[in-house]
Each structure stands twice: as C-alpha cells, then as structure tokens.
Amino acid sequence: SHTFDKTRTRFFEFLRITSMNGKVAYIALPASADKPTVFLMTTGSDKELVFENAKHDHPQRIRYEKTEQGMTATISQLDGSRADTFEYTRR
C-alpha cells in the first residue's frame, strides 16, 4: 500500500493475504513497524471481506466491499468508530 500526493509519500506498508493455521489472514507491515500485525478473516463472500484483530490499537477491523465502480475499503474499531473509508475506482 502506497499513499502519496503530488509532492511526497504519505504512508507506505507491505500487505498480504495468506493462510495461517487453516484461516485466512491479512498481514500488515507498515514501513515504520518492527513486526507485522495479523487480522483474521471473519466474513468472506463474493461482495465483502472483513478482517479483525481486537487486540490491535487501530484499526481493529478492515473491510473491503465490492461496488459497481470498483471497491471500498474501510478501516475502523470493532464498534465502527474512528472509521476511514477509501474508494477505489476500476479503470
């Protein structure tokens, strides 16, 4: 994941989805972190994927939703607070 504007990189992290102990896991490793954070999939369908880690400070939930235009990603706490949504458009 690489977030940038016209002048510089704002945020960079390595992301991967893999199998861990028979479960689907989303693993995030921000460039500034010493170790990765694991989020386990709690919902999986052809329209939505949800990964959660209640012990992580923020975010605790990562949700991807298929839309007509592409995809929406939302990060939040488990209760839905502190939500940030990112819209991706198919090109």
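Only this structure's heavy atoms are used, side chains among them; waters, hydrogens and symmetry mates stay out.
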Please check if [X] and [Y] belong to a single hydrophobic cluster, counting links between Ile, Leu, Val, Met, Phe, Trp and Tyr side chain heavy atoms closer than 4.5 Å.
X   : Y   : value
Y26 : M71 : yes
F86 : F12 : no
I27 : F39 : no
I17 : Y88 : yes
L49 : L40 : no

_A quick test of your reading: do over 12 heavy atoms of other residues, nucleotides or ligands sit less than 6.0 Å from CD of E87?_
no

[atom2] on [Y] to [atom1] on [X], rounded to 0.5 Å:
X   : Y   : atom1 : atom2 : value
Q60 : D79 : CD    : CG    : 7.5 Å
T37 : D57 : OG1   : CG    : 8.0 Å
K47 : T67 : NZ    : OG1   : 10.5 Å
K66 : R90 : NZ    : CZ    : 6.5 Å

For [Y], is there any backbone N or O sitting under 3.5 Å from a side-chain donor or acceptor partner on [X]?
X   : Y   : result
D84 : I75 : no
Q77 : A83 : no
R61 : L78 : yes

*asked:* Tell me whether the rings of Y64 and F51 are parallel (<30°), tilted (30 to 60°) or perpendicular (>60°).
replied: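 Ring orientation, 0 to 90° scale: perpendicular.
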
*Are R82 and H58 close enough, and set up right, to give a side chain to side chain contact (heavy atoms under 4.5 Å, CB included), and what steps lead you there?*
CA-CA 9 Å; R82 297 179 60 193; H58 182 75; 3.5 Å; yes

*Do you know which two heavy atoms are closest between N53 and V38, and how far apart they sit?*
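Heavy atoms of N53 and V38 come nearest at ND2-O, 2.7 Å.
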
*Checking side chain to side chain contact (heavy atoms under 4.5 Å, CB included) for the pair M41/K23: CA distance, chi angles, key distance, verdict?*
CA-CA 7 Å; M41 187 169 71; K23 297 184 180 190; over 6 Å; no

